[in-house]
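Worksheet for the structure shown next.
Every chain is numbered from 1, with letters handed out A, B, ... down the list of sequences. When reading the values below, keep in mind they use all heavy atoms of this one structure, side chains included, and skip hydrogens, waters and symmetry mates. Just so it is clear, the structure is predicted and the values come from calculations on it, not from any experiment.
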Protein chains: 2
Amino acid sequence: MSEEQPDMPELKIESGSGTEARVEPLQLGKRLRQIRQNQNLTLEEASQKTGLARSTLSKIENEQISPTFTAVQKLAHGLDVDIPQLFAKPKSSMASGRRVLTRAGEGTAHPTSTYEHELLSTDLARKKMIPFKTRVRARDFEDFSDWVRHEGEEFLLVLEGEVALYTEFYEPIALLPGDSMYYDANMGHGLVSLSEEDALVLWVVAR
Amino acid sequence: MSEEQPDMPELKIESGSGTEARVEPLQLGKRLRQIRQNQNLTLEEASQKTGLARSTLSKIENEQISPTFTAVQKLAHGLDVDIPQLFAKPKSSMASGRRVLTRAGEGTAHPTSTYEHELLSTDLARKKMIPFKTRVRARDFEDFSDWVRHEGEEFLLVLEGEVALYTEFYEPIALLPGDSMYYDANMGHGLVSLSEEDALVLWVVAR
DNA sequence: CAACAAAATTTCCTATAGGAAATTTTTGTA
DNA sequence: TACAAAAATTTCCTATAGGAAATTTTGTTG
């Protein structure tokens, strides 16, 4: 399996200075400043977008005041971030500043009776998405004992061949290379190849 | 753009009764009252748990005042709900039991100077992943004014051509069709085509 | 339907958030 | 360096959130 180690740059100065108390400081100010700066906005511009005064924004960012909820709403709306996202821990589940490579064909094989999965990016734990390429051996809906069903959402892109996606509640649908689907994975689903050959698809699951 | 209508399974009763006003009312007051009552707490008890005055709680629940962020923190902590959860729409992200199709080439075009994005599954709002196919026009790292950087994680699969992925902290890496990468999108990143032709890649972003 | 108790709301202050304008700091350029 | 322009911060008010206590509402029992 492939992996990489950086040649060690400073990984993260991690904004905040010193020691952060354990739970829930939730540096709203720092957070907002990051968001604003990522969008390349001055306080003045942000002020116009949000309807809050420059001074107010400054004080919020410097944690001199605790914004009211209505202020937070204006902020979120004006800067186009949704509120849960605003308060979610900034860290993504995966350690910051990492990446993994999987060369073609070098994923982790995971065969079943109907599919031949090749899991990608397996070196990375706790990631939000699970990507895998799948060779579809199933030729018939009867090949399934039952629907596949699990938490989360699923994105599907056909790479080669012709397939039919069966899902609960809907008619099966034929897909050609380049076609893609996005669906709720809680809804039963299954894939079959419509041609003589096995089909090849990319799947990405978000939990 | 492609879309589908099922032959009518119960699509969504859409949880909440009554009429929900369109955007962003986010009935914080109602929400809090629900939470408190679900825990069988009187205002007095909630007051003790949160450290906020009865009267304040009452006013917040009745939307007579807009709580400060510190008040919201006390509430969340005292009633043991986390803040993102507090603000998250109660219902699951995508309406249950739905799927959307995007035929090859039928995505939503979104060109920039260096890329030609084709957004997929755009008919589906509030999904966890954002998939798009991108034609990479950039030939040179200099084509970027700066790193692209945003919340979330990113999965990349090369479909055609040869590309180099530039990321902060790491050496650029050359990728061929079938190769894939998974990385933290907070880390600056950018993609260039290494061949004469534009390259084609699939990107999936999870926020 | 009184009469009471428990809970919720309102009142009436004090403390603090929000806005306009003045001041200071930063940034870029000669 | 020095200076000008832009950006950020601070000051100084006004508006509004937060708390203690009074008032009203709700719900229960004889």
Check: What are the 5'-most and 3'-most nucleotides of DNA chain D lying under 4.0 Å from any heavy atom of chain B?
Finding: D:dA17 to D:dA22

Margin query: Is the shortest side-chain heavy-atom distance between B:Thr68 and A:Phe69 below 4.5 Å?
Written below: no

Margin query: Please find the pair of heavy atoms, one from A:Leu79 and one from A:Ala46, that lie closest to each other, and give the distance.
Written below: CD2-CB, 4.5 Å

Margin query: Taking salt bridge (charged side-chain N to carboxylate O under 4.0 Å, His left out) as the definition, give me every residue that meets it alongside A:Arg54, ordered by chain and number, with sequence neighbours left out.
Written below: A:Glu44

Next item on the list: Tell me which of B:Glu61 and A:Gly51 sits closer to the 5' end of DNA chain C, going by the nucleotide each one is nearest to.
Entry: B:Glu61

Check: Heavy atoms under 4.0 Å, any strand shown: does B:Leu57 hit a base, just sugar-phosphate, or nothing?
Finding: nothing

Margin query: For the backbone of B:Gly178 and the side chain of A:Lys133, can you confirm whether one donor and one acceptor N or O come within less than 3.5 Å of each other?
Written below: yes

Note to self: Show the nearest heavy-atom pair for residues A:Ala104 and B:Pro177, with the distance to one decimal.
What the structure shows: CB-O, 3.7 Å

Note to self: For A:Gln64 and B:Val72, find the nucleotide of DNA chain D closest to each by heavy atoms; which residue's nucleotide sits nearer the 5' end?
What the structure shows: A:Gln64

Checklist line | Any side-chain donor near an acceptor of the partner, B:His189 and B:Thr167, under 3.5 Å | finding: no

Next item on the list: Rounded to 10°, tell me the angle between the two end axes of the helix from C:dC1-D:dG30 to C:dA30-D:dT1, each built from five pairs.
Entry: 40°

Next item on the list: Quick one: label A:Ser55 by what it contacts on the DNA or RNA (base, sugar-phosphate, nothing), any heavy atom closer than 4.0 Å.
Entry: base

Note to self: If I take atom CG in residue A:Asn62 and atom P in nucleotide C:dT26, what distance separates them, rounded to the nearest angstrom?
What the structure shows: 12 Å

Notebook entry, point to check: In terms of the angle between their ring planes, are A:Phe132 and A:His117 parallel, tilted or perpendicular, with boundaries placed at 30° and 60°?
Noted result: perpendicular

Check: Taking the side chain as C-beta and beyond, is there a heavy-atom pair between A:Met181 and A:Leu175 under 4.5 Å?
Finding: yes

Next item on the list: For A:Ser58, answer base if it contacts any base atom (sugar-phosphate contacts may also be present), sugar-phosphate if it contacts only those atoms, and nothing otherwise; contact means non-hydrogen atoms under 4.0 Å.
Entry: base

Next item on the list: Could you list by number each residue of residues 43-50 of chain A showing a heavy-atom separation from DNA chain C of less than 4.0 Å, or answer none if no residue does?
Entry: none

Next item on the list: Tell me what A:Thr42 touches on the nucleic acid: a base, only sugar-phosphate, or nothing, going by heavy atoms under 4.0 Å.
Entry: sugar-phosphate

Check: side chain to side chain contact (heavy atoms under 4.5 Å, CB included) with B:Glu45: which residues, sequence neighbours excluded?
Finding: B:Leu41, B:Thr42

Margin query: I'd like to check the salt bridge (charged side-chain N to carboxylate O under 4.0 Å, His left out) partners of A:Glu61; sequence neighbours left out, ordered by chain and number.
Written below: A:Arg33, A:Arg36

Check: Does the side chain of A:Trp203 reach to within under 4.5 Å of the side chain of A:Leu191, using non-hydrogen atoms?
Finding: yes

